Amino acid sequence: MPVTTTSAAIHVTPVVVKTFLAHSKKKAKRLRASKDEHEVPQDDIFFDEAFHIVKAFIEMGTKNTIESLQAFTNTHVPAPYWAAVSPVTIPLSSCNAAADVLIEWFGPQELKHVVGGERWWQVRGLNGIDGEWIAELEDIDSEIEVKVQDGKKLNTEEANILRMEKLDKVMLYVHGGGYFWGSVNTHRYQILHYAHKFKGRAFAVNYRKAPQYPWPCPLQDVIAAYLYLIRPPPGALHKAIPNSKIVFAGDSAGGGLCLTVLTVLRDLGLPMPAGAVLISPWVDLTHSFPSIMKNYDTDIIPKYGFLAKPSTLWPVPTQPESGGRIVPTVINEPPKHGKADTLTTSSGHVEKQQGGVYRAGKLVKSQEEMLVKSESPSSGSQKEAPQYDSQTSSRATPESKDEIEKTLEEHNMDHWEPKPPKILMENPNAVPLEIRSQFQMYAATEQLTHPLVSPILQGSLGNLPPLYIIGGDGEVLRDEIIYLAHKAAHPSKYPTRAGVLRDSVRQKENAEKFTTPTKVHLQIFDGMCHVLTVFMFTKSAKYAYRSIAEFIKHVTSCDEEHLSKNPFPDFHMPLDDILKRSKSVEGKSYQMLRQDTLTNDKQSTPESDLELLYLANEKIAAEAVKQNEVEASPLTSTPSTKAHATEDISGTLMIRDRVDIHGNVRPMEPIEALEALNIQISQIGLIKEAPAQRWRDGQDKWDKRFSKKAKKVVKKKAKYEAKAARLLENALDQGFVHQSHGSLTEHEHLVAKSSASRKTSMGEIQADRRWGPLDLENERPPATAIAGRHDTQEAVALLKKSIYYTAPVTHLTVPKLKAVDAVRAAFNPHDDPNKPPTQSASEQQVKTNLVPIHGLRVWDDIVRYFGRKSIAKAADGISATAEKVGLTNSDEN
């Protein structure tokens with residue numbers, strides 16, 4: 001059964017009942033085990049239910065095809081009546097400008113050897129990128145009549161874009177979803193909440209998703225969205241927005257994209273936004289940090305990762321090759337830069353012996369033995385490592401362990417740094433394993449260590465605008481989030497491993513060039529899972545929304561000089577003023593606010609009550625400054641505590657907080673007590689044995705469970721290949737001409753070229769569309785990219801649209817649809833002879849004429865319901881916080 005609202009309800013309902021029945025028992029058992037144990041989010045029945053609902057839905061997604069999950073989560077859902085949501089299309093001209101930025105960043109060699117070319121990732125089905133302006137109606141000039149702009153009549157949605165102009169603060173939001181699912185529809189309610197909190201407008205981008213449009217496609221689209229804001233193309237209704245008024249924000253994969261775009265802008269000297277909010281950012285696609293193995297029980301991420309039911313799209317390959325998806329390595333040395341092993345084996349270094357097991361053509365060394373033949377990193381000595389003859393024994397070994405350690409020291413290496421698809425083994429005497437399948441949908445296995453795929457491997461994260469980074473202590477990405485924050489704030493203390501710098505001149509230069517620490521506020525929330533802001537009704541999330549809003553208001557309201565001294569809203573006034581805060585807010589005492597909360601039926605904690613909690617935490621932060629518990633900028637020995645009456649607290653480099661389930665903050669433990677900050681640098685950004693084996697265990701189960709389905713998929717792919725060939729053949733019969741197909745006389749060529757921009761048949765040649773699926777000669781698109789495939793329904797739809805409807809400038813003609821193809825399209829539910837074929841749900845929103853109760857809207861209703869039910873509990877928690885920090889006292893009760 002595909003992913004639908006009905007199937008989701010069927011799958012989730014038993015989970016809801018089971019969680020309800022087990023909740024009290026689990027809570028009582030936990031409390032009996034340790035009376036001194038702190039509260040956890042699951043103690044709240046509403047969070048416990050919501051947590052298991054989300055976890056069950058994501059688990060259900062792994063039992064369906066990727067296309068099904070994408071269609072469900074990219075179904076257009078109408079905006080609520082109280083919102084101003086204006087959809088727009090980011091045009092091809094902005095997409096081309098973003099492509100030029102990436103082409104400059106990569107350079108010709110990296111484009112050729114790492115990316116696979118400069119054309120395939122620019123191919124798209126739509127005429128641009130879907131985007132949305134989002135604000136609350138009450139915050140815009142809704143009374144202003146706007147009917148005509150530059151002679152064009154405007155509808156309500158277009159007029160609202162102009163009415164939003166008074167809101168000068170802009171959040172560019174990049175949604176998450178593992179780089180392959182989710183959309184503006186899944187995140188619209190959250191984005192609306194942000195916009196309301198900081199009294200501004202948001203712009204959300206519905207970027208292309210993997211695996212149909214893998215890296216760097218999403219990266220190009222996010223850059224295009226930013227350029228669209230600061231450099232509006234002709235026809236855009238909004239005025240150019242100063243970069244100092246824009247804040248990037250994103251969750252999970254969206255957070256990783258935000259960080260990556262910041263590094264590209266920095267590297268090329270382009271205008272950067274005022275700051276960025278990174279919510280549970282996914283920045284290490286190699287899964288090299290400890291929490292990835294330890295926290296899956298307390299997180300919503302599936303244990304085996306994002307698996308899927310086989311389809312023509314995924315997995316790659318559809319069926320495991322002989323020997324399995326992970327096999328013993330077949331070559332000795334790590335691949336050279338740009339020469340990484342391919343996903344398909346070559347006869348040059350592999351012999352398939354009887355029994356169908358991969359065996360090396362020559363004896364393969366252990367991991368430790370491979371070390372002494374690997375290249376020395378650029379940061380170490382260039383002395384040649386000793387060589388060993390692999391034929392002198394059944395397994396060549398160095399003379400002694402001391403000699404290996406000496407080699408490590410001489411080459412300034414902590415450990416052997418295997419490149420994908422090789423796996424770092426726990427036992428150095430074992431022959432390394434090698435991945436023979438793609439296991440991350442976003443990028444090919446060989447690309448996972450690229451700094452624009454896993455930004456944790458950037459040569460430097462210094463010289464970036466202020467960052468507010470939040471994560472959950474119970475999520476699998478916790479450790480990489482903590483490490484990311486410290487790496488940005490301390491570029492020299494947390495360098496990038498030698499292998500990355502050795503392979504990239506740019507990253508080596510960045511490590512030397514960008515040494516200015518980035519100002520960072522890191523907050524890790526007790527017990528919370530991945531993307532805690534999804535659970536909007538919890539006290540933790542309410543505090544996070546308020547803090548994010550304050551950060552956005554602060555960095556977009558202060559000039560660059562001010563932010564260089566104080567990027568943190570927590571310290572927006574002198575220390576003494578913060579410590580002497582009144583016990584009232586907006587003229588009301590805390591007890592009056594608390595009484596309002598308990599007696600009024602409101603959908604959320606009152607703003608004034610939330611402000612009291614924020615002020616309480618602000619006071620805690622100020623106390624930390626007073627006790628020298630925050631990190632000072634290198635330019636100052638300690639944060640200034642003797643500021644002038646009109647000055648902020650300045651000189652703070654990094655704030656490191658823990659936040660409990662009530663929203664109370666406390667200083668984070670020392671660096672030496674954090675496991676994430678005490679792992680070897682040389683092991684960061686490597687594919688390790690434990691997570692790789694766990695993925696294989698899961699994938700093996702899926703391969704066995706869906707083995708019959710996989711066989712059918714292989715046959716189906718062949719049918720789509722034949723369909724694409726027939727489509728192209730019929731187009732040629734109808735007069736299609738392209739440099740790779742067909743021919744014209746010189747006169748016909750001139751006529752075709754002169755009329756290229758004129759509409760012909762049902763389509764046209766678009767002047768701003770650079771490339772199509774037929775323009776990829778000498779390119780090497782990743783195996784999943786539909787631009788380079790003809791064996792999926794989506795690839796055929798992309799090819800057909802490119803030939804008959806929206807042709808790139810490389811096409812010289814736009815043929816008419818052949819009658820037989822029109823008849824076939826009429827009987828195909830995914831096609832229509834009278835309009836362009838529907839494009840992949842990884843790019844195009846799914847529209848429906850029905851009025852279903854869509855699951856995305858149901859989730860919003862559940863969130864609001866839980867919010868109302870938990871309001872009194874929230875007030876109790878805030879009361880305790882206020883009393884703790886001295887904003888009120890128990891005698892007033």
Side-chain angles (χ1 to χ4, degrees), residues 67 71 92 123-127 212 311-313 712-713 715-769 771-777 786-849:
E67 297 93 322
L92 292 174
V123 176
R124 63 181 72 241
L126 301 184
N127 294 332
Q212 297 95 321
S311 69
T312 54
L313 176 67
K712 293 180 180 179
V713 166
K715 295 179 180 179
K716 199 172 185 179
K717 290 168 72 173
K719 290 181 179 179
Y720 281 122
E721 287 271 14
K723 184 176 182 179
R726 184 176 62 245
L727 178 70
L728 185 55
E729 182 181 349
N730 290 346
L732 291 171
D733 290 343
Q734 294 295 101
F736 171 60
V737 179
H738 180 266
Q739 60 183 2
S740 62
H741 296 84
S743 60
L744 287 176
T745 65
E746 184 176 350
H747 174 71
E748 289 172 330
H749 180 85
L750 292 174
V751 172
K753 189 173 182 180
S754 65
S755 61
S757 62
R758 190 171 66 244
K759 189 172 182 179
T760 61
S761 185
M762 294 180 66
E764 64 180 352
I765 296 174
Q766 297 180 321
D768 285 332
R769 189 178 289 272
W771 313 110
L774 298 176
D775 298 314
L776 308 185
E777 187 178 1
I786 58 173
R789 300 177 67 172
H790 290 164
D791 59 353
T792 76
Q793 174 188 308
E794 297 164 315
V796 174
L798 178 65
L799 178 64
K800 182 176 181 179
K801 188 171 187 289
S802 175
I803 292 175
Y804 290 104
Y805 297 95
T806 54
V809 292
T810 55
H811 292 201
L812 297 180
T813 59
V814 180
K816 294 181 180 179
L817 193 65
K818 203 169 187 176
V820 65
D821 287 332
V823 172
R824 287 194 180 100
F827 287 93
N828 186 343
H830 303 289
D831 206 348
D832 189 322
N834 299 308
K835 60 183 181 181
T838 301
Q839 295 301 290
S840 168
S842 64
E843 179 184 20
Q844 183 175 3
Q845 295 184 61
V846 177
K847 301 291 179 68
T848 175
N849 295 324

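All values below were derived from every heavy atom in this structure, side-chain atoms included, with hydrogens, water molecules and symmetry-related copies excluded. What you are looking at is a predicted structure, and each value in this text was computed from that prediction instead of being measured.
- Considering only heavy atoms from C-beta on, Gln845 stays 4.5 Å or farther from Gln839 through its side chain.
- The minimum heavy-atom distance between Gly125 and Lys801, with the atom names listed, is O-NZ, 2.6 Å.
- Checked by atom type and distance alone, the side chain of Glu843 pairs as donor or acceptor with a backbone atom of Leu126 at under 3.5 Å.
- Taking every heavy atom of both residues into account, Gly735 and Thr813 meet most closely at O-OG1, 2.8 Å.
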Should Asp791 and Lys719 be marked as a salt bridge (charged side-chain N to carboxylate O under 4.0 Å, His left out) after you check the CA-CA gap, both sets of side-chain angles, and the distance that decides it? CA-CA 7 Å; Asp791 59 353; Lys719 290 181 179 179; over 6 Å; no

Does the side-chain contact (heavy atoms from CB on, under 4.5 Å) test come out yes or no for Thr838 and Gln844, once each step is laid out? CA-CA 8 Å; Thr838 301; Gln844 183 175 3; 3.9 Å; yes

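- For the pair Asp832 and Asn834, the tightest heavy-atom approach, listed with the atom from each and the gap, is OD1-N, 2.8 Å.
- Pairing each heavy atom of Val713 with each of Ser311, the nearest pair is CG1-O, 3.2 Å.
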Residue pair Glu721, Arg726: steps toward the side-chain contact (heavy atoms from CB on, under 4.5 Å) verdict: CA-CA 9 Å; Glu721 287 271 14; Arg726 184 176 62 245; over 6 Å; no

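- A heavy-atom distance below 4.5 Å is found between the side chains of Thr312 and Glu67.
- The closest donor-acceptor contact from the side chain of Asp775 to the backbone of Gly772 lies under 3.5 Å.
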Walk me through it: do Tyr804 and Leu799 pass the test side-chain contact (heavy atoms from CB on, under 4.5 Å)? CA-CA 9 Å; Tyr804 290 104; Leu799 178 64; over 6 Å; no

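- The pair Lys800-Asp821 does not count as a salt bridge, with every side-chain nitrogen at least 4.0 angstrom from each carboxylate oxygen.
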Check against side-chain contact (heavy atoms from CB on, under 4.5 Å), His811 and Phe736: CA-CA 8 Å; His811 292 201; Phe736 171 60; 3.3 Å; yes

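- Side-chain contact between Asp768 and Val809 is absent, with no heavy atoms from C-beta onward closer than 4.5 Å.
- By the neighbour-count criterion of 12 heavy atoms within 6.0 Å, atom NZ of Lys716 is sparsely surrounded, having that number or fewer from other residues, nucleotides or ligands.
- Put simply, NE2 on His738 and OG1 on Thr810 are 3.5 Å apart, with the number rounded to the nearest 0.5 Å.
- Formation of a donor-acceptor pair under 3.5 Å by the Ser840 side chain with backbone atoms of Ser842 is found in this model.
- Looking at Asn127 and Gln766, their side chains come closer than 4.5 Å, going by heavy atoms from C-beta outward.
- The two residues Pro837 and Tyr805 come nearest to each other via the heavy atoms CD-CE1, 3.7 Å.
- Ile803 has its side chain within reach of Leu728: a pair of non-hydrogen atoms, C-beta onward, lies under 4.5 Å apart.
- Taking the side chain as every heavy atom from C-beta outward, Thr806 and Arg769 approach each other to under 4.5 Å.
- Taking all atoms of both residues into account, the shortest heavy-atom contact from Pro773 to Leu798 is CG-CG, 3.9 Å.
- Using a 4.5 Å heavy-atom threshold, the side chains of Arg789 and Lys717 count as touching.
- A heavy-atom distance below 4.5 Å is found between the side chains of Tyr720 and Gln793.
- With hydrogens and angles ignored, the 3.5 Å screen pairs no side-chain donor or acceptor of Lys818 with any backbone N or O of Asn730.
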